[in-house]
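Notes follow once the structure below has been shown.
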Amino acid sequence: MNGLIAGNWKMNGTLASARTLAQGIAERISGRVAKSTGSLPEVVLCPPAPLLSVVGGSVAGRSVMLGAQDCHQDVKGAHTGDVSAVLLAECGCRYVIVGHSERRTDHGETDDLVRRKASAVRDAGLIPIICVGETEKERDQGVTAAVIARQMAGSVPRQSQAATTVIAYEPVWAIGTGRTPTVAEIEDVHSQIRALFDGAHGHGAALRILYGGSVKGSNASQVLAAKGVNGALVGGASLDLDDFWRIITACPI
Ligand code: PEP
């Protein structure tokens, strides 16, 4: 299974900066491919929706995929300000992040809503990156496993298949804080997620599970070498070309 590095730009970037960053990543990837200096993981850029077209144009024909940060659960309708997965597919997206903790917190998104969004993504022929993860309080209370089990049961559509689903384990307390769990803690949760997926949907061994939360060039090798980690969902560091490149090249294929 190929590794996956996804950059979640969140609400950052302008037309000009998005073009520069996307072109920079695409050029480094093309340069590496041209020189045949080793394989790279799959790379996905998830800019804010209005920047999808400029980023898509900048990476067209290169080995870089386009992703969105969220979508509505319906195909169309009276939903001011929302975007459907079908439209994101038309705009060239291959992936859609759903259930990011910032959506769960800022917009009150529940497991049930996340599951419906993930279904909409799948129905549009795209791959959902479904985020799960405990808060600091939940980790301190020792209920991480219960929280992950609840989120997996509630957020992952019943008909999901390993080849067309990605789960991102993102401890909420590690996002944007510079703190990360230990490798053993990451391995524990990834192994739990794989077993839960296997039990509910089968083929758990083929499921890609990303780690997300303060991944940087400086810790990427350690995190990405952890057992059961198939890539990373990267926030802040994905906005810095050099740092993001260090993460991409640290990912075992
Ligand atoms: C994220 O928001 O998905 C994330 C992992 O952020 P950061 O890398 O900045 O912690």
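Positions are given from 1, in the same order as the sequence printed here. Both ligands and their constituent atoms are indexed starting at 1 by order of listing. Any value given below was found using the heavy atoms of this structure, including those in side chains, with hydrogens, waters and symmetry copies removed.
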* **For Ser214, atoms of ligand 1 separated by under 4.0 Å from a heavy atom** => 7 (P), 8 (O), 10 (O)
* In terms of side-chain geometry, is the basic nitrogen of Lys137 or Asp140 positioned less than 4.0 Å from the acidic oxygen of its partner? -> no
* Asked: Hey, are Asp242 and Arg28 close enough for a salt bridge, meaning a charged N less than 4.0 Å from a carboxylate O?
  -> yes
* Are Asp111 and Arg104 ion-paired here, with the side-chain N under 4.0 Å from a carboxylate O? -> yes
* So is Gly176 polar-close to ligand 1, meaning N/O to N/O under 3.5 Å? -> yes
* Non-hydrogen atoms of Ala232 versus ligand 1: any pair closer than 4.0 Å? -> no
* **Contact check: His100 vs ligand 1, nitrogen or oxygen atoms, below 3.5 angstrom** => yes
* Asked: Can you find an N/O atom of Gly235 closer than 3.5 Å to an N/O atom of ligand 1?
  -> yes
* Whether over 12 other heavy atoms sit under 6.0 Å from His79 NE2 -> yes
* Any nitrogen or oxygen of Gly236, main chain or side chain, under 3.5 Å from a nitrogen or oxygen of ligand 1? -> yes
* To do: Examine the side chains of Gln69 and His100 and answer whether a donor and an acceptor come within less than 3.5 Å of each other.
  => no
* How does Ser101 reach ligand 1, by side chain, by backbone, by both or by neither, if only non-hydrogen atoms under 4.0 Å count? -> neither
* Is it the side chain, the backbone, both or neither of Asn8 that has a heavy atom closer than 4.0 Å to ligand 1? -> side chain
* To do: Determine, for Arg208 against Glu42, whether the closest basic-nitrogen to carboxylate-oxygen distance falls under 4.0 angstrom.
  => yes
* **Nearest-contact summary for atom 3 (O) of ligand 1 - protein heavy atom, Å** => Glu170 OE2, 2.8 Å
* Proximal atoms of ligand 1 relative to Gly213 (non-hydrogen, under 4.0 Å) -> 5 (C), 10 (O)
* **Matching residue for Ile130 among Ile167, Val121, Ile97 - test: side chain to side chain contact (heavy atoms under 4.5 Å, CB included)** => Ile167
* **Under 4.0 Å to a heavy atom of Ala174 - the qualifying atoms of ligand 1, by number** => 10 (O)
* Asked: Relative to the ring of His190, is the ring of Tyr211 parallel (under 30°), tilted (30 to 60°) or perpendicular (over 60°)?
  -> tilted
* For atom 2 (O) of ligand 1, grab the closest protein heavy atom and report residue, atom and distance to one decimal in Å. => Lys10 NZ, 2.5 Å
